[in-house]
Amino acid sequence: MSKKETFEAEALIHADSLHRTALRMTKNENDADDLVQETLMKAYRFWDKFEEGSNCRAWLFKIMTNIFINNYRAKSRAPQVVDLQDVDDDFLFGQLSALGPSENPEQHFFAKVFDDDVKMAIEELPEDFRLVVVLSFLEGFSYQEIANIAGLQIGTVKSRLHRGRKLLQKALWDYAVKNGFIKEAAK
Amino acid sequence: MTCEEALRRLYDVIDKEADEIDVKEVQEHLAHCENCMARYEFEAMFKTFIRDKALSTPKSDQLKNRILTRIEDAERSRGRFFKRPFRYQAVIVAAAAALVLCIVAAFSVAGYYRQRAFIQPFEDSHMAGLQTYQTQSTPVRAGNPCAPEVLTFIEGYLPAGVQDSIPGYAMIGSCLDVIQDVKFAHLSYVAGESMVSLFVGSPDGVNLPDFERVEVGGQECYRYVCKNCQLMYWMIGNTLIVAVSEDKSLPLPEIMPAVSAI
């Protein structure tokens, strides 16, 4: 098999997956397209450096994350301050449970929220949290893989994922309340 | 295991990062703790929910094709040339160099023949005149009058006409020559042993070659020196003058101004 053929079979098959994450990270189709193209062209240039048998998908995500961080991330590099002081770990669970057991509020809540709303809620997460949430929730990478891809300590991955979850739950709850899907009964 | 311990392991278990022992202990706790069980189920559901809702994205087949095209372009433009073993490169470079040399040589040979093709008839005509002048038993008398048909022909080109002699030179003969399918007045002048042939005519239809450009006596002209003689040509108005002499040092336009100045 030629270089191009092996690349097609082993790397290019992950284009959809890369594209999905690129969309959530760049928040627009054009940038996502560019980011994926840039990623795969770079991967193709360094294809000789890729160790056969190792995790090609994680390798591609690492390349893409680097390009994203260097070229695409929001210009302001100030640390992202997220105030989660008043949000409990079980915030959403607590809110939904308080609606009463008879109505099966979780099912109701999950049924009401649309795909696009979830995508938007993800995109509204601060970048640092968004990256680990997307890599974990959508792409199914392990903590260790995410640590390698994003160049973070495992502990940082875990804490960002934890906070990302809370932010996401809070955002979706607020969204549901705002749109009248849920009556905010509990305080 | 307490509820607190079970909840501390919540996300590790949901994310399948907990080790087997922890998972087993958590499962044992959940089996008899409804609250923790509800929380675990909810968080697992939440994760699945997010994944299901956000996983679908537009197919990126077009994107893949674009990348493939770019890869093909990159492959082509990078060229396989430098990846080949060195000896092939050397052969290719040598072949290319040889080809370039051949082309250059072909052009110079062609150029030479083109120039020769221009010179040859003038030179032949001049040499024939010279030979006649030198070898005839009854020497051609210097100071011949210009032939009437030549005078008539020349009137169209040099309205003032032609003198039979110009300072230091005497006419020995004149005729009409056809060179390169163009009619020329051929005038021959002598001074001592050196002879000059002037060809006067129209440049139309004459393929003028690129000779060395020189300026002689204020006249811009083109000069070529060959084995037997030198040839110069220049323009006066729309008239082409070609001068040939076996004396390669003669400043031809300078000593023949009379023809143009008459």
Side-chain angles (χ1 to χ4, degrees), chain A residues 2-4 7-8 11-13 15-24 29 32-33 36-37 39-41 44-45 89-90 92-94 96-97 101 106-107 109-111 113-123 133-134 136-140 142-144 154 158 161-162 165 168-169 172, chain B residues 3-19 22-23 30 33-80 82-83:
Chain A
S2 72
K3 178 184 173 187
K4 194 188 135 209
F7 184 80
E8 208 177 336
L12 213 54
I13 51 165
D16 284 336
S17 175
L18 290 166
H19 182 238
R20 175 169 55 222
T21 294
L23 261 179
R24 296 288 85 79
E29 185 71 46
D33 263 32
V36 173
Q37 282 194 53
T39 301
L40 284 165
M41 290 310 290
Y44 186 73
R45 271 204 306 284
D89 273 5
D90 61 348
L92 184 58
F93 177 70
L96 291 171
S97 304
E106 295 96 336
Q107 294 296 349
F109 174 83
F110 289 143
V113 180
F114 293 114
D115 291 17
D116 285 349
D117 306 322
V118 172
K119 286 174 188 168
M120 204 194 299
I122 293 174
E123 286 177 8
V133 167
V134 169
S136 170
F137 278 42
L138 305 190
E139 305 302 341
S142 71
Y143 294 172
Q144 183 60 58
I154 282 212
K158 282 174 80 164
L161 198 50
H162 188 163
R165 267 187 164 102
L168 203 51
Q169 293 188 352
L172 287 169
Chain B
C3 288
E4 201 190 320
E5 285 170 329
L7 288 179
R8 202 185 306 136
R9 290 167 176 76
L10 174 63
Y11 296 126
D12 282 354
V13 173
I14 299 280
D15 291 337
K16 301 195 165 44
E17 296 278 343
D19 57 44
D22 276 1
V23 172
L30 295 183
C33 178
E34 229 175 275
N35 284 343
C36 284
M37 187 64 176
R39 180 75 199 288
Y40 263 80
E41 279 177 345
F42 173 79
E43 291 294 345
M45 217 184 337
F46 180 77
K47 189 173 179 181
T48 312
F49 158 77
I50 295 293
R51 189 181 149 78
D52 287 350
K53 296 281 177 180
L55 207 55
S56 69
T57 37
K59 275 278 166 203
S60 46
D61 288 347
Q62 275 190 331
L63 182 61
K64 269 185 248 181
N65 287 334
R66 239 174 296 151
I67 292 163
L68 275 176
T69 311
R70 277 184 68 180
I71 286 175
E72 280 157 16
D73 287 352
E75 287 287 280
R76 256 198 298 277
S77 67
R78 192 163 306 171
R80 304 248 161 83
F82 289 105
K83 286 179 187 158

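Naming convention: chains lettered A, B, ... in sequence-line order (proteins, then strands); numbering from 1 in each chain. Basis for what follows: all heavy atoms, side chains included, without hydrogens, waters or symmetry-related copies. Keep in mind it's a predicted model, so treat the numbers as computed, not measured.
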### Task
Decide whether a cation-pi geometry holds between Lys3(A) and Tyr44(A); the criteria are a distance under 6.0 Å from NZ or CZ to the six-membered ring centre and an angle within 45° of the ring axis.
yes

### Under 4.5 Å from a heavy atom of chain B, the part of Val133(A) involved
neither

### Query
Mind checking whether Phe42(B) and Phe110(A) have parallel, tilted or perpendicular rings, split at 30° and 60°?
parallel

### Message
Just to verify, which of Val36(A), Asp16(A), Leu40(A) counts as forming a side chain to side chain contact (heavy atoms under 4.5 Å, CB included) with Leu63(B)?
### Response
Val36(A)

### Query
Is there a donor in the side chain of Gln37(A) and an acceptor in the side chain of His19(A), or the other way round, less than 3.5 Å apart?
no

### Task
Counting only heavy atoms closer than 4.5 Å, note whether Leu18(A) contacts chain B via side chain, backbone, both or neither.
neither

### Task
With a 4.5 angstrom heavy-atom cut-off, could you sort out which part of Gln62(B) is near chain A: side chain, backbone, both or neither?
neither

### Task
Can you establish whether the number of heavy atoms outside Asn35(B) located under 6.0 Å from its atom CG is more than 12?
no

### Query
Pick from Met45(B), Arg51(B), Lys47(B), Arg39(B): which one has the most heavy-atom pairs with chain A under 4.5 Å?
Arg39(B)

### Query
Given that the side chain runs from C-beta out, which part of Gln169(A) has a heavy atom under 4.5 Å from chain B: side chain, backbone, both or neither?
both

### Summary
Whatever's closer than 4.5 Å to a heavy atom in chain A on Phe49(B) counts as side chain

### Task
Flag the one option from Leu7(B), Asp12(B), Asp52(B) with the top tally of heavy-atom pairs under 4.5 Å to chain A.
Asp12(B)

### Task
Apply side chain to side chain contact (heavy atoms under 4.5 Å, CB included) to Ile50(B) and Ile122(A), showing your working.
CA-CA 9 Å; Ile50(B) 295 293; Ile122(A) 293 174; 4.1 Å; yes

### Task
Identify which part of Phe7(A) has an atom lying under 4.5 Å from any heavy atom of chain B, answering side chain, backbone, both or neither.
side chain

### CA sep, side-chain torsions, deciding dist, call: Lys158(A), Tyr11(B), side chain to side chain contact (heavy atoms under 4.5 Å, CB included)
CA-CA 9 Å; Lys158(A) 282 174 80 164; Tyr11(B) 296 126; over 6 Å; no

### Message
What part of Leu138(A) gets within 4.5 angstrom of chain B, counting heavy atoms only: side chain, backbone, both, or neither?
### Response
both

